[in-house]
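Here's the structure, in structure tokens; my notes come after.
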Amino acid sequence: MQYDPKDIEQKWREKWQNDKTYRVLNDASKPKYYVLDMFPYPSGAGLHVGHPLGYIASDIVARFKRHQGFNVLHPMGYDSFGLPAEQYAIQTGQHPAKTTEENAARYRQQLDAIGFSFDWDREVRTSDPSFYKWTQWIFIQLFESWFDHEAQRARPIAELIARFEEQGWHPSDACALTGDVEEELGAFAATEWNAFDERTKQRILQHFRLAYLSEAWVNWCPALGTVLANDEVKDGVSERGGHPVERKRMPQWSMRITAYAQRLIDGLDTLDWSDSIKEAQRNWIGRSEGALVRFKLKNKDLTPGPSPEERGVSASDSRFRETTNGFLWTKLIERAKHMRSNPTEAEELLWQTIRGHSTGGRIRRQHIIDKFIVDFVSIPKQLVIEVDGDIHDLQQEEDALRTLHLGERGFKVIRFRNEEVLRDPEAVRLRIIAELDARPDIAKDDERADEEHSPLSTEEELGVRSHFSPLPGRGVGGEVEVFTTRPDTLFGVTFVTLAPEHELVELITPAERRDEVMAYVTMAKNRSERDRMADVKKVSGVFTGAYCIHPFTGKEVPVWVGDYVLGGYGTGAVMAVPGGDQRDWNFASHFGLPIIAVTEGADISKEADERKDAIICSEGFLKGLAVPEAITRAIDELVKLGAGERRINYRLRDAAFGRQRYWGEPIPIYYKDGVPYALPESELPLKLPDVDKFLPTEDGEPPLARAANWNYQGHPLETTTMPGWAGSSWYFLRYMDPQNEGRFASPEAIDYWQQIDLYVGGSEHATGHLLYFRFWTKFLKDRGYINFDEPAKKLVNQGMIVGVSKYFQEVRVDPSIKAVWDKKPKQLHIRRNGTLLKSIEIPVPTAQDVTGHHVFCSYGCRLDLDFFDPATGDYIKTVRAEDRADSDFVSEAVIDSKSEYVIRPLDGWLRAEPVYRPIVITDRAVDAYWHYEPGKRQWLSFNDEPLENQELAFWTLRPEIEKMSKSKMNVVTPDEKLRKPIGLFAKHIGYYFNEADSIVRIPGIVEKYGADTLRLYEMFLGPLEQSKPWDTNGIEGTFRFLRKFWNLFHGVGDAFGVTDDAPTKPELKVLHATLKKVTEDIEKMSFNTSVAQFMIAVNELGSLKCTKRAVLEPLVVALAPFAPHIAEELWQKLGHNTSITTAVWPKWDAQYLVEDNFSYPISFNGKTRLQLEFPIALDAKSVEAAVLANPEVQQRLEGKAPKKVIVVPKRIVNIVV
RNA sequence: GCCCGGGUGGUGAAAUGGUAGACACGAGGGACUUAAAAUCCCUUGGUCCGUAAGGGCUGUGUGGGUUCGAGUCCCACCCCGGGCACCA
């Protein structure tokens, strides 16, 4: 009887489903085991072979544990909120819920086809209201909590309020309450707190809540009607379509994950996760210990700005409106007043023309916005009008910078020249009106803020909606704050360097140095990050002309600006110790600044001494101390002087939690007086409302703003939605008790299932999902909802299955020949050294060529298909195929019959390119090069002829193992005969797979070989954690194995031929050796070697012609986790009525593995020469004697006595001559 | 630059410091067959000697080291992949 997987597998799939074989009960009488896979995003592309790799592995473990008597929770669900469905909805108008449902159904079908032992009764979907009710509920708990840094745990916000009511807030509380992670906050007394109005209190609390509202800049593209991610914006225009993009400020929910930074680091030590993931998380959190040091500025003018108290600001709203520091504030007010009373002629003329309501709206003059004083501004329209005087180059640069800066704050800047205003002020007025009319009302003008009294435009007034600026700080006026990890090197400080972005730069720079410094700042700021990366070695900077005072020595220290200091890290300033820090050393040597040795034995003439095991040699109280002691001592001294304190700095930033999107969990928040409040629990779930379009509104409000009656008791509801990681941060808990309507999961269920014992998923989630997921778990623990602090004990990252990808590559036999595709006439121009040789007309591929072909991206990569109008060659649209694995993005571009297309790498630099026919890639030949033959109107392979004979070879697709390279431009290494004119393609890899090689043809593989073969094959490919190329060449081998296994049970005819005869010793040995290896390997998750062992067993039993039940039956059980269908069928044929899943795992017995003899490899000087068999029992001495007595050994010794003989029992004999 | 992985036949890969290449694919040869499919058998790291049986040398990225013995441990370097990046 032939092994025919088709019928068998169909039969068992149905039976499992009908019998609910894989249902899991919360059965406390059995030990539990929780195996979880990272759930997938149900994309339209369906599963590809990368998905099931991890699922198969976890399924094997789950089944194995079940055989061992564990109650195993092994659920599956969908991370079903997400962008692709929304994108599709925008294009087609179809509700994302519908496509999501369809896609999930398809996934289910495919997953079922592979025979997973999931308990589908426990399926969860993050987009299901009964699920996201609890995501919202957890959000509210976060909103209603703050982090007590002293106790290192989250507590209810009510306890913080109680504390404020009793003791207020003191600067000395900063560490306890904010962990010094926040900006320094201003203080208030209990009486003050109690006197605050509700609104003020709420806004202060925002600084403590774990889910809080702040504001952030987004890239708003009016033409596309959407917010774009940073990497979708290139040079100020959208990557797709090239539409202008504006920076726009939007209210933004955030998660205070920074509060948990320390615990997230500490917890890693308790986890059985891979080192690389742990390292990635540590890196991401980026803890550094050190000190905050304050250097007083020398310049007398630069006295600190008044504190809020000193300024006499009462405890009212206004104290929270300030956006700049106190120091800047006083300076700017002074200057604004001065400028207002001394206008230029043109300014005054224009002011008279546009003042009052003569433009239809109110215009203010000499107004402070952020740190600039602008000439005129309309607050509601966020339009700045500037009148420029004489313009020289430097001024132009500065103006450009200022325009950019204001633009970032949502302002448009228009400029008029002095002459324009003086010549025809009315024309200028009309243009201003036109500009004003063209802009929507963006901000409310606060009429209370009368210009004469308050020239300050606060962010409060400018915000789209209410938001919260930092509490007033103590101000940085008069001092430079630096963070250092090496306060022990303080005596080696010879200068201080500020980041170009540092706001002190323009304030401390004396007038005579202003031009030079600002020119540098402009240049440095404009240097793109890529430029900075490109030449790390290049040192640049400028002296500000200012000095500060060394806190220990009292000496003057020059203040420089250097672009090696980053604005976004620490305080944006460093104390430079060229003797102890290489970057400082580079800077100092470049500019001839003094370099002082800080450590004994350092040779500072060539490089800095960064050793941390050195002795400090600086004169003073640190001399002779080792680094760690010196650090402690230095901090003590700083504290005594009030010049600094101990500080731990983290790189981790709070996580943005709001998305301007439709297809996500609504945030359960409403606004009263512009202040956010949590919805009562009884209102949950707050369901996604219906909207007419899934697009943002014209003025940039998120899609939910389109919903009718989107309010709670008349108060507007939040319109942003949660990000993809919200649901995935706690879904593992819901599986424990998925139908619970009164709680996210019952305490009993949580108590029983506890942590995930084994979590399997891709490593690309290292710093995203896996961090948030730990964060939420810790939070829920803190608030007493669960009793463990880490979600997953063991984590295994399955490697990517990578496709053999095809690189675009230009191939030229003669490097002087260049082929350039001209889009317009659709011609390929071939030039040699610039001289046109000929032009070839190339038709755009026709629809028939490509219809129905899927274009896929493998993990972590993406591919853009540009669609061009075949008639004109004009660009129509881009379809992106993107895959960031599992739950992030999996998408596809299916070529539809209406579209014609060419392929273009992402960057857009290749706008002129020859037309590809991706279909040619279906050729499997490694060395298939293609060129276009106009006469035959088809692309031809060069295979028949040597490449050298071709007149021209241009674009080709070169197979290569996929590399997830995001930034490397140099990965393409062409083979010898190819020239490599460009490496850029490597950055943008397109992946194509034909039917035979397809990564996605799971149904196809299952159809042809069966699910058991697929399962075995994926496991057989190699170690689970290693990434490996997918090719189906080897699949025959595993299929043959299953057939041989099947044949062991069946005689020559169709009969089931298992006998009850007693097994022989060799048969038992094969059995037990296999059981041993397989049992141990599953525990090690080394599946490829277990499959190999099964193959060995089958081959050996085949040779032994073993048909004995006593041998075959245990083997069936052992194979069941790997190949459940065939195992069930054989199990039934062996006469069992119950599912094999209930069978007890067969134990191996060492007695059958005992050998009587061992064949010793006899080596001479480590080189094996012959084998000699001796009884196992023979001791080392006797073995040695027997070996030396052997004639062949004697012959090799040539009569000489061996120097030494090493006998390792049951291993080896080594004779040293 | 820093931090993690990794580098073994034509390919996927095995190998508690103890016979490198298990197992599988592919390839070559053979058997069966009218033929194909399927199945089975043999060979298969390189190289040299030998008619053959057999034997020698060499071989796990490179160079050193430890050891009776190194793919495995140590040092230095090269290359590949991933993460972070002028992180103070």
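In what follows, chains are A, B, ... by sequence order, proteins preceding strands, each numbered from 1.
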Taking only N and O in the side chain of [X], is any of them less than 4.0 Å away from OP1 or OP2 of [N]?
X	N	result
A:N1088	B:C23	no
A:N1099	B:A24	yes
A:R1196	B:G56	yes
A:R1169	B:G55	no

Write down the protein N/O and nucleotide N/O pairs, taken from nucleotides 62-66 of chain B, whose separation is under 3.5 Å; answer none if there are no such pairs.
none

What pairs with A:R282 under side-chain contact (heavy atoms from CB on, under 4.5 Å), at least two apart in sequence or on another chain?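 So A:R282 forms a side-chain contact (heavy atoms from CB on, under 4.5 Å) with A:L268, A:D269, A:K278, A:E279.
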Name all residues meeting the side-chain contact (heavy atoms from CB on, under 4.5 Å) criterion together with A:R1043; count only those two or more places apart in sequence or in a different chain, and write none if there are none.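 With sequence neighbours excluded, A:R1043 shows a side-chain contact (heavy atoms from CB on, under 4.5 Å) to A:Q2, A:Y3, A:F1039, A:R1040, A:N1047, given in chain and number order.
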In whole Å, I'd like the distance from the NZ atom of A:K1167 to the P atom of B:A20.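 The answer, rounded to whole Å, is 11 Å.
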Would A:D4 and A:K6 pass as an ion pair if we require N to O under 4.0 Å?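 No, no charged N to carboxylate O under 4.0 Å.
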Are any protein N/O atoms closer than 3.5 Å to N/O atoms in nucleotides 36-40 of chain B? If there are, list each pair with its distance.
{"unit_1": "B:A38", "atom_1": "O3'", "unit_2": "A:R1043", "atom_2": "NH2", "d": "2.8"}
{"unit_1": "B:U39", "atom_1": "OP1", "unit_2": "A:R1043", "atom_2": "NH2", "d": "2.0"}

Can you list the stems that RNA chain B is part of, where a stem is at least 3 pairs in a row, each Watson-Crick or G-U, with both distances below 3.5 Å?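 Listed by first number, the stems are B:1-7 with B:78-84, B:10-12 with B:23-25, B:26-31 with B:39-44, B:45-49 with B:54-58, B:61-65 with B:73-77.
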Between A:Q1093 and A:I1212, name the one whose nearest nucleotide on RNA chain B is closer to the 5' end.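 Here A:I1212 is the residue nearer the 5' end.
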Could you tell me whether A:Q1026 contacts a base, only the sugar-phosphate backbone, or nothing, with contacts defined as non-hydrogen atoms closer than 4.0 Å?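 It contacts sugar-phosphate atoms only.
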Is it the case that B:C68 (base atoms only) and A:N1214 (side chain only) share a donor and an acceptor within less than 3.5 Å, ignoring hydrogens and angles?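 Present.
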Once salt bridge (Lys or Arg N to Asp or Glu O under 4.0 Å) is applied, do any residues pair with A:K1044, and if so which ones, sequence neighbours excluded?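 So A:K1044 forms no salt bridge (Lys or Arg N to Asp or Glu O under 4.0 Å) with any residue.
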